[in-house]
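One-based numbering along the sequence shown.
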Amino acid sequence: MNYHQQYDAYLQTFNDRLTACCDAYLPLGSQVNEAARYSLLAGGKRVRAVLCMAACELLGGEASQAAQFACAVEMLHCYSLIHDDLPCMDNDDYRRGKPSCHKAFGEATALLAGDLLLTEAFEVIAAAPVSEIACVRASAALAHGAGSAGMVLGQELDLRYESQPVGEETLRLVHRNKTGMLINAAAQLGAVAASADDIQRQAIARYAFSVGL
């Protein structure tokens with residue numbers, strides 16, 4: 001397959017699993033669940049999901065083995081977008097061509113929808129059809145990429161420096177954390193699904209951080 005055919009194949013596998021995850025973990029009937037689904041199913045390139053599955057396949061696994069991990073990554077990414085759009089952060093009215101979550105459902109519901117996606121991302125990992133040790137490693141990798149040494153730190157730095165000039169070193173630090181850490185986490189989850197060794201995971205990290213930058 002060429003690049004676009006392969007990308008579409010990954011997306012099909014991902015979308016099928018994401019639909020199943022939404023039905024299982026974000027069932028209709030709650031406004032918060034509906035708000036979470038509204039943002040999660042709004043489309044997008046799904047770069048992180050595709051990278052997760054491609055990394056797994058590159059390292060000898062099947063893309064489908066990493067599909068549930070890919071869903072978890074996209075759920076966590078979506079939570080960050082919902083919170084980014086809030087008036088207290090970037091105050092954006094639109095996301096992916098649609099009213100942002102807080103514009104469609106109100107600020108309180110949007111805040112809870114983001115919290116819900118963050119929480120359910122780890123339940124999705126825990127229920128993935130892989131070994132228990134793989135689930136533990138995947139949870140640790142995603143938490144590390146998203147937390148106080150990763151995406152949240154990057155967001156803090158971005159807010160701190162958005163109104164003042166910075167040098168290249170600081171700019172790289174912001175983007176390595178705000179964007180690169182979660183992209184690397186996606187690739188690392190694919191590596192975990194493929195039972196990659198330390199050398200392979202390090203090589204994948206070098207690639208993922210370059211993509212993130």
I need the minimum non-hydrogen distance between [X] and [Y], along with the two atoms involved.
{"X": "I82", "Y": "A110", "value": "CG2-O, 3.2 Å"}
{"X": "R160", "Y": "Q164", "value": "O-NE2, 3.1 Å"}
{"X": "F69", "Y": "A128", "value": "CE2-CB, 3.5 Å"}
{"X": "F122", "Y": "L118", "value": "CD1-O, 3.3 Å"}
{"X": "Y161", "Y": "V174", "value": "CD1-CG2, 4.2 Å"}
{"X": "A66", "Y": "G190", "value": "CB-CA, 4.3 Å"}

Step by step, work out the side chain to side chain contact (heavy atoms under 4.5 Å, CB included) result for F14 and V50.
CA-CA 8 Å; F14 167 76; V50 169; over 6 Å; no
Would you call R46 and E74 a salt bridge, taking side-chain N to carboxylate O under 4.0 Å as the test?
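So R46 pairs with E74 through a salt bridge.
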[atom1]-[atom2] distance between [X] and [Y], expressed to the nearest 0.5 angstrom:
{"X": "Y79", "Y": "L116", "atom1": "OH", "atom2": "CG", "answer": "13.0 Å"}
{"X": "C71", "Y": "L76", "atom1": "SG", "atom2": "CG", "answer": "13.0 Å"}
{"X": "F105", "Y": "S100", "atom1": "CZ", "atom2": "OG", "answer": "11.0 Å"}
{"X": "I183", "Y": "H175", "atom1": "CD1", "atom2": "NE2", "answer": "12.0 Å"}
{"X": "H83", "Y": "H102", "atom1": "NE2", "atom2": "NE2", "answer": "12.0 Å"}
{"X": "N33", "Y": "T109", "atom1": "CG", "atom2": "OG1", "answer": "11.0 Å"}

Side chains of residues 136-155: which donor-acceptor partners sit under 3.5 Å, not counting sequence neighbours?
unit_1, atom_1, unit_2, atom_2, d
S139, OG, C135, O, 3.0
Q155, NE2, D84, OD1, 2.6
Q155, NE2, D84, OD2, 3.0

Would a distance-only check, ignoring hydrogens and angles, find a side-chain to backbone donor-acceptor pair under 3.5 Å from [X] to [Y]?
{"X": "S80", "Y": "H77", "answer": "yes"}
{"X": "E57", "Y": "A54", "answer": "no"}
{"X": "T19", "Y": "N15", "answer": "yes"}

Please tell me if the side chains of [X] and [Y] come closer than 4.5 Å, counting only heavy atoms from C-beta onward.
{"X": "L117", "Y": "L26", "answer": "yes"}
{"X": "I125", "Y": "Q68", "answer": "no"}
{"X": "L40", "Y": "C22", "answer": "yes"}
{"X": "T179", "Y": "L213", "answer": "no"}
{"X": "Y10", "Y": "C52", "answer": "no"}
{"X": "L51", "Y": "Y207", "answer": "yes"}
{"X": "E107", "Y": "P87", "answer": "yes"}
{"X": "L182", "Y": "R48", "answer": "yes"}

Are K45 and Y7 in a cation-pi contact, defined as NZ or CZ under 6.0 Å from the six-membered ring centre and within 45° of the axis?
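No, K45 does not sit over the ring of Y7.
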Are there more than 12 heavy atoms of other residues, nucleotides or ligands under 6.0 Å from atom [atom1] of [X]?
{"X": "I133", "atom1": "CD1", "result": "yes"}
{"X": "Q5", "atom1": "CD", "result": "yes"}
{"X": "E168", "atom1": "CD", "result": "no"}
{"X": "E62", "atom1": "CD", "result": "no"}

Taking [Y] as the starting point, is it possible to reach [X] by hopping between hydrophobic residues whose side chains are less than 4.5 Å apart?
{"X": "I204", "Y": "M181", "answer": "no"}
{"X": "Y38", "Y": "Y25", "answer": "no"}
{"X": "L59", "Y": "M53", "answer": "no"}

N184: what forms a side chain to side chain donor-acceptor pair (under 3.5 Å) with it, not counting sequence neighbours?
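By the side chain to side chain donor-acceptor pair (under 3.5 Å) rule, N184 matches Q188.
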Verdict with supporting geometry, T170 and L157, side chain to side chain contact (heavy atoms under 4.5 Å, CB included)
CA-CA 9 Å; T170 299; L157 295 174; over 6 Å; no
Modelled atom types, side-chain donor and acceptor of D8 and Q12, under 3.5 Å
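No donor-acceptor contact under 3.5 Å links the two side chains.
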Determine all donor-acceptor pairs shorter than 3.5 Å in which one atom belongs to a side chain in residues 90-97; sequence neighbours excluded.
unit_1, atom_1, unit_2, atom_2, d
R95, NE, D85, OD2, 3.1
R95, NH2, D85, OD1, 2.8
R96, NH1, G43, O, 3.2

